[in-house]
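One-based numbering, in listed order, for ligands and for the atoms of each.
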Amino acid sequence: MRIIHGAPFARTNYIIWAMKEMGLAYEINPVNPFTGDNKKPEYLAINPNGLIPTLEEDGLILWESMAINFYLAKNYGDNILWSDDPKEEALIMQWSLFGILNLDKKAVDCMLHMVVLPKEMRDPATLKAAQSDLIPHLKILNDHLSGKKYLVAERFTIADLNVAAMLDYAVKSGYDFSSYDNLQPWLNRCLGRPIRVKMNEIK
Ligand SMILES: N[C@@H](CCC(=O)N[C@@H](CS)C(=O)NCC(=O)O)C(=O)O
C-alpha cells in the first residue's frame with residue numbers, strides 16, 4: 001500500500017507526477033496546509049515538520065520531496081527516471097538538490113504572491129525578491145542546457161521532473177522565461193509531457 005499525504009496543488013505534485021510517469025498505484029490522503037491539517041497531531045506523528053508531502057509505503061514513512069522522488073525513481077519504473085550509472089545518479093541528485101535549494105521556494109513565492117494568496121496578503125517586496133533571486137540560478141540552468149535536451153544523460157529523468165515541477169510554479173505566476181534560449185524549450189519539453197499536461201488541466 002502506497003499513500004501520499006498532501007495536496008495536489010502543493011509540492012505533493014512533484015511526487016504525483018513521478019508516480020504517474022512510472023505507472024505506480026497510490027492513494028492520496030488529503031492534507032491541506034491552508035486549513036491547518038498539517039499541524040494536527042495525527043499528521044505531526046508521521047511528519048514532525050508539519051509539512052507536506054509525506055510518503056507512506058509498507059512501513060516506510062518518508063518526507064522531503066526530493067528524498068521521496070529519489071526513493072521512488074531508484075526502486076521502481078525500471079530506471080526510466082533514474083540511472084544505474086553512478087555518475088549519472090550523482091548528477092541526477094545534484095540537479096534536483098540545486099533545484100530544491102535555489103529554485104523551489106522562490107518559484108513558490110512567485111506563485112503565492114502573484115496568484116494564490118488573497119490580494120491583501122500578497123507582498124510585492126517578497127514577489128520582487130523571489131523573481132530577481134531566481135535569475136542567477138536560471139542562468140546556470142540555461143548555460144548547462146546549451147546543446148542538450150535534458151539535464152542528465154540526454155533523456156528525461158527525475159532531475160528534469162523535479163526541476164521542471166518547481167519552475168512550473170513560476171510559469172503559473174506568469175514569469176517570463178523567453179530570454180532563456182535553452183531553458184525555455186527544455187521547460188516546454190518537460191511540462192509538455194502528456195502526463196504533466198493532464199495534471200495541469202485538473203483544477
Ligand atoms: N523541503 C520540503 C518543503 C515542504 C513544504 O514546504 N511544503 C509546504 C506545502 S507545498 C507546506 O507543507 N507548508 C505548510 C506550512 O508551511 O505550514 C519538501 O520539499 O518536501
Among all protein heavy atoms, pick out the one at the shortest distance from [atom]; state its residue, atom name and that distance to 0.1 Å.
atom: atom 13 (N) of ligand 1; result: Leu51 CD2, 3.7 Å
atom: atom 3 (C) of ligand 1; result: Arg11 CD, 3.9 Å
atom: atom 20 (O) of ligand 1; result: Ser65 N, 2.9 Å

Ligand-side contact atoms (ligand 1) for residue partner [X], heavy atom cut-off under 4.0 Å:
X: Ile100; result: 19 (O)
X: Lys39; result: 17 (O)
X: Glu64; result: 1 (N), 2 (C), 18 (C), 19 (O), 20 (O)
X: Pro53; result: 20 (O)
X: Asn38; result: 14 (C), 15 (C), 17 (O)

Would you say the side chains of [X] and [Y] form a donor-acceptor pair under 3.5 Å?
X: Asn13; Y: Tyr169; answer: yes
X: Asp85; Y: Ser83; answer: no
X: Asn69; Y: Trp17; answer: no
X: Asp123; Y: His113; answer: no

**Message:** With respect to Pro33, determine whether any N or O atom, backbone or side chain, lies less than 3.5 Å from an N or O atom of ligand 1.
**Reply:** no
**Message:** Which option wins on minimum heavy-atom distance to atom 9 (C) of ligand 1: Val108, Thr12, Ile52?
**Reply:** Ile52
**Request:** Kindly assign one of parallel, tilted or perpendicular to the pair Trp95 and Phe98, based on the angle between their ring planes and the thresholds 30° and 60°.
**Result:** perpendicular
**Prompt:** Going by the angle between their ring planes, with limits at 30° and 60°, are Tyr76 and Tyr71 parallel, tilted or perpendicular?
**Reply:** perpendicular
**Message:** Tell me whether Lys39 at atom NZ has more than 12 heavy atoms from other residues, nucleotides or ligands lying less than 6.0 Å away.
**Reply:** yes
